[in-house]
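Contents: one structure, followed by commentary.
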Amino acid sequence: MTHSVPESVPRPAAAPRRKPGYRFNLVGIIGLSVLLFWAVIAVIAPWVIPYPVGEIVDYDALGPMTAKFWLGTDYLGRDILSRVLMGARYTVGISLASVTLACSLGVTLGMIAAVSGGWLDTLLSRFLDAMNSIPSKLFGLVVVAAVGSSLPVLVLTMAVIYVPGSFRFARALAVNINTMDFVTAARIRGERTPYLILSEILPNILGPVLADLGLRFVFTVLLLSGLSFLGLGVQPPYADWGAMVRENIGGLAFGAPAVIFPCVAIATLTISVNLLIDNLPQKIRDRSDA
Amino acid sequence: MSQLVEIRDLKVSAKTDAGRTVEIIKGVSFDIAPGEIVALIGESGSGKTTIALTLMGHCRPGCRISGGSVRVDGQDMVTLTERERAEVRGTKVAYVPQSAAAAFNPSATIMDQVIEVTRIHGLMPPEQARTLAVELFRALSLPNPDSIGERYPHQVSGGQLQRLSAAMALIGSPKVVIFDEPTTALDVTTQIEVLRAFKAVMRKGGIAGVYVSHDLAVVAQIADRIVVLRGGEVQESGSTDQILHRAGHPYTRQLLAAFEPVPRSPEEAARVTDLRPLLEVDKLVAGYGPIQADGLPLVRALKSVSLSVQRGRNLGIIGESGCGKSTLARAIAGILPRRGGNIIFDGRELSPDARQRSREELRTLQIVFQSADTALNPAKSVEDLLGRPLTFYHGLKGKARDQRVDQLLDMVHLPKTVRHRRATELSGGQKQRVNFARALAADPKLILCDEITSALDTVVAAAIIELLKELQRELGLSYLFISHDLSVVEAICDEILVMYAGEKIEQLTPATVGSPDNHPYSRLLFSSTPKLDPTWLDSLEQDPELVRAYCRR
Amino acid sequence: MKKQVLSLIGGRLAIALITLLIVSSAVFFATALLPGDTAAILLGQAATPEAVAGLRKAMHLDDPALLRYGRWLIGLFTGDFGASYANGRPILDLIGGRFINTLKLAGVTTLFAVPLALFLGITSAMLRGTLYDRVVTLCTIGLISIPEFMVATTAVLVFSVTLGWLPALAYANDVKSFGELLRVFAMPVITLTFVVSAQMIRMTRAAVVETLNTPYAEMALLKGASRPRIVLRHALPNALGPIANAMALSLSYLLGGVIIVETIFNYPGVAKLMVDAVATRDLPLIQTCAMIFCLGFLILTTLADIVAILANPRLR
């Protein structure tokens, strides 16, 4: 008997098919609505903000919530509401871009590794597992230290950070599917690897893979905010939510709205995605892994 | 009334994935007298296990008792509180699970788990419980009764675990024991020993039982009365003798008829004139694990097996689990590349690995897997499943492909309406038909059938066998038919090959099965297959030497 | 059976070594080979090309990358971490005391987080579906969904601003009494405990729930066992491996948290040192700090795997 190390291998979900009565529950709907809200804001922000983001509109820095400035003002006297709405563009946009990149690459490599097996699988798994053992924030720090921070660097760095995890997740799912008789049947029909991946494996792992993408989106938002908070993420004059917390940290001692609302924005986004995933109609096993 | 168990108008409802509530048990009533063994028989989904578990007031997650009463020794299990039910469990009603291997906690010793009931209910001091357990081990004819309890579950064989789980049930001296398909996962030669042990202890203790099974022949050996279930309703109930010989309900008769398969007539096989062999397998060696210095794999599942299949004729491979019969199919199909020997198919040598075979070779040699659940991609419609080989091998597209899909569905007796459904939405029998139609789509010459009926209910399986025969008459195919079930192989095969531990024991015809000239192992295997006759088990005599030599009990 | 366990653990350790090698090369090449001439940066904009070339030579920057990597690797193993670019001091001296500080922080956090997480995780699995379980689950989801700096700022808002129990920002440089030590440690430890135990609770609960869904747990129920007995006697012994695994894995989240927490509370640990080094582009210092963190991460994940191997009852 040889037993490998038990890992939290996700189970493939049953047929991803919409059936009558296939509904989101209440918590799921709330999560979805908040997520959609931020997505829409990210798109339309420039047209709905009450004041230009860079303009100093009030001489009272770190001001309270007033009728004129709904969410108060920041350390320079700029309108927080406008900056939070515009910040959605950076936080949501950058995170979405890099998580999409990471997951497409990770899932594709994972399926190839699972279907091919042999040395290619061993090589990819070893290498990416090793990459996985560099803490994500640390990797960000090192890269930013070496090349400086810009939007493309941020997107690529965070994509590289989450490829190994996505690879590992997709590979585990694909390995399970790969042992199923229908893949064997296709293989001895004479089908080639691209067909096996696209037609036999992918449709059966799509549900969990999308849920995983959601989870990884949350990790990316957290990482981006963390890096920005350390001053290594989005650089002035632009500001995502993490950078806004950093700018206004001086107001923390007296609980200025300028510190609180960017935090609230991050929390609503990430919590809503997590709630959505936990309440997906399809039963997808939740997993906690970075 | 002096009945021990009285079930009246029992209803159980379940919540489906879509959130609807459906009634899965629709008003079932029956009684069990003290010391009487009642069998619940029916196919999967008939609700037999669900009913049995209500005797303990237990429902699987998602289900609940929605009506009726289950009185056990005067107490209604439906109305008791969870705490009161816990007091009944293990003391009045006990449970023997289908898979003892999964029902034993892997991290505790067997003894601790067997006597746990006495600890929970404070029945006796641990020392006394251990002595009683060893007595039970002895009564269940377990080997090394004094020391077997010190082992962990994974160190004991499946047949022994099954008997140990019976000891676990009996330790609290229950009035009723529920047996939930306790021998289904076992080999026939192992099953006999387990059945005998169960029967002996139940008789001796005068304990009543509920025996849940899909196998009439097994039930006939142990039950006093049989309740036939279908779709959550009682179809018929009566004494074992009554059900076996004077069945009134058409469904019961169908169940019984499935036990009398119609063998393939010799004339049918004789119609074939081309007598060149279609498949010749010579000294095939295959296995798993790393390759050793001698070029052979570490675990040799097949040790030099030779066979040949004639055109239009069928060869059956029979043997118990682990004898290498499935490995044989996988090696022939090229899924598991062979490590020695030769395979000649249709006059040409096949390369060991399917990836090196030509598309034509792959097309003419098809394989159908045991479980249609895993053999059909759940994300695809029936149309796509059948259409892909048509496009792949024959280049069919559009209308021509649609027509051929319809033809194939017709050939396996499925309505055209299923073509847009997914495999997951079909019944077990329908799925297996689609599975088979996919092999037919390639227009093969030989189909390897790997246990294709063993996951199906008896009646459904019998229909599939009839379908296979019919298609053979029309298409002139050959089958290599792998099964652990002698009656299935007898029904369809012209010749039968018996395998044991990776080797061919002998090859014989259905007519000579059971003759005294058979190889000793074949005799043991054939005699172990349960018969509908209720006296079969008690009158069966097997050579203990032979049993010791061939059985891993 | 014993031999099998040893060979499995041996295999796991070998993998850890290979991983360490890959990680070290990743850290080295990411910092050393990316654009930007270190010598030019060090000397500033006024430097003459000759001076830059001279420094390059002195720092062996013109040697092949592989040679420099080899030299650096040997240095790591012999305890020679090189000198800081920024102030020329040996890195060992810079890190020494701060490393102890970070270990203290991590140790105290572990002491709080593990028992808390075990208790909440196991009890919420035991009371699955109850109000208690839902509250715990909702809180953990909330905690893992928000960035560490937000946990920190919230903790400051609650404990310093609203309640006024603790100072908002503490400096560990001049700790004189035990009371002060407590006050210095309190906020970072509270923050990290929240961050780490949320993960632990979630994974512990999942591990116990999984074993509660097994046939042997159902069998125990059908023997008449009470719910606590099923959990304590049947589920827990089999969930021990996954739980220990979860503990080790969650503790590796400490590393990410520590970077933020040390920065926000100005705590003199390795992470703060590294963040400062990033600001000055002090590459040798960054490399060494990065390797310390990677090593810590690797030790924890390897430990998690070894625990899982040891806890497998079939290998006993």
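It should be emphasised that the depicted structure is a prediction, and the values quoted were computed from it without experimental measurement. Chain letters run A, B, ... following the sequence lines, proteins first and then strands; every chain starts at 1. Computed from heavy atoms alone, side chains included, the values below leave out hydrogens, waters and symmetry copies.
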_If you count heavy-atom pairs within less than 4.5 Å of chain C, which of B/V88, B/N105, B/L53, B/T91 leads?_
B/N105
*Sort out for me which of B/R83, B/Q113, B/R85, B/E87 touches chain C most, counting heavy-atom pairs under 4.5 Å.*
B/Q113
Answer yes or no: is there a donor N or O on one side and an acceptor on the other, between the side chain of [X] and the main chain of [Y], under 3.5 Å?
{"X": "C/R128", "Y": "C/D133", "value": "no"}
{"X": "B/E6", "Y": "B/L4", "value": "no"}
{"X": "B/K175", "Y": "B/V72", "value": "no"}

Could you tell me which portion of [X] (side chain, backbone, both or neither) has an atom closer than 4.5 angstrom to a non-hydrogen atom of chain C?
{"X": "B/Y95", "answer": "both"}
{"X": "B/A102", "answer": "both"}
{"X": "B/I178", "answer": "neither"}

*Considering only NZ, NE, NH1 and NH2 on the basic side and carboxylate oxygens on the acidic side, decide whether B/R119 and B/E116 come within less than 4.0 Å.*
no
*Contacting region of C/L240 [heavy-atom separation from chain B under 4.5 Å]*: neither
_Minimum heavy-atom distance C/A290-C/V27, with the two atoms named_ = CB-CG1, 4.0 Å
